[in-house]
Amino acid sequence: MFVLLQILNFASVISSGLMIWKGLGLITNSESPIVVVLSGSMEPAFYRGDLLFLTNPASELYHTGDITVYKIPGQDIPIVHRVLETHDMVQKKKEFLPFVGYVTIAMNDFPQLKYALLGGLGLLALIQRE
């Protein structure tokens, strides 16, 4: 019985996180409301590991100099760049947190870390008592 309650608790945490993510997407009109800067191409404005909060207001136009995030067809990773010319843009940067995204970069660079973290969280969910 205890294990079943822990599994349900873990499922509740995961589903809450997914609902928050989808809610942020609806509020910001964005497929991906938060992205991590993966390269140093935007320095000194943003450094590798910075977390960007995105928005895509339908009433706001993009201008030269704005920071935008777009996807290249066939690529999974979004691209963060400054607008040099206006074309069809995907999302516009709203705010950012410096270096918070290094956790994502570390998990991509070292897949063993990702599996160890997920395994540790799963183990804690099973053995923790409330």
Side-chain angles (χ1 to χ4, degrees):
M1 184 67 171
F2 174 72
V3 173
L4 179 60
L5 288 175
Q6 292 299 79
I7 290 171
L8 289 174
N9 187 26
F10 185 70
S12 174
V13 170
I14 297 296
S15 62
S16 295
L18 290 173
M19 286 189 287
I20 290 170
W21 180 259
K22 289 299 182 182
L24 281 173
L26 287 172
I27 291 168
T28 62
N29 190 30
S30 174
E31 178 185 320
S32 181
I34 300 171
V35 297
V36 175
V37 177
L38 297 175
S39 73
S41 66
M42 288 299 295
E43 291 180 9
F46 306 110
Y47 292 92
R48 189 170 190 246
D50 287 355
L51 198 65
L52 303 181
F53 296 92
L54 307 177
T55 184
N56 193 22
S59 62
E60 195 171 317
L61 298 175
Y62 295 92
H63 301 89
T64 302
D66 286 345
I67 305 296
T68 188
V69 176
Y70 62 93
K71 285 188 176 181
I72 296 175
Q75 301 261 338
D76 291 335
I77 299 173
I79 308 295
V80 179
H81 276 293
R82 188 174 305 279
V83 175
L84 299 177
E85 298 177 34
T86 54
H87 296 285
D88 292 332
M89 297 296 161
V90 177
Q91 298 164 39
K92 190 174 183 179
K93 187 265 324 164
K94 184 73 173 170
E95 298 295 332
F96 82 102
L97 284 175
F99 307 113
V100 174
Y102 263 110
V103 173
T104 301
I105 292 172
M107 286 193 288
N108 284 332
D109 290 349
F110 306 103
Q112 302 87 349
L113 177 64
K114 180 179 4 181
Y115 299 128
L117 183 63
L118 289 174
L121 288 173
L123 184 64
L124 280 174
L126 289 176
I127 64 172
Q128 183 178 6
R129 294 182 185 226
E130 293 184 20

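- Two residues are said to be in side-chain contact when any heavy atoms from C-beta on lie closer than 4.5 Å; Thr28 and Leu54 fail this criterion.
- Atom CZ of residue Arg82 and atom OG1 of residue Thr68 lie 11.5 Å apart, to the nearest 0.5 angstrom.
- A donor-acceptor pair under 3.5 Å is absent between the side-chain atoms of Ser12 and the main chain of Leu8, judged by distance alone.
- In this structure, the separation between CG on Asn29 and CG on Leu24 is 13.0 Å, given to the nearest 0.5 Å.
- Between Pro33 and Gly25 the shortest heavy-atom distance is CG-N, 3.9 Å.
- Of all the heavy atoms in Ile34 and Trp21, the pair that sits closest is O-CH2, 3.6 Å.
- For residues 37-49, the pairs satisfying salt bridge (Lys or Arg N to Asp or Glu O under 4.0 Å) are Arg48-Asp109, with sequence neighbours left out.
- Taking the side chain to side chain contact (heavy atoms under 4.5 Å, CB included) definition, one finds that Leu117 meets it with Met107, Leu121, sequence neighbours left out.
- Each of Val69, Ile79, Leu51 was scored for a side-chain contact (heavy atoms from CB on, under 4.5 Å) with Val35, with one residue passing: Val69.
- Grouping Ile, Leu, Val, Met, Phe, Trp and Tyr by side-chain contacts under 4.5 Å, direct or through others, puts Ile14 with Phe10, Leu18.
- No side-chain heavy atom of Met42 sits under 4.5 Å from any side-chain heavy atom of Asp50.
- Residues satisfying the side chain to side chain contact (heavy atoms under 4.5 Å, CB included) criterion with Ser39, sequence neighbours excluded, are Ser41.
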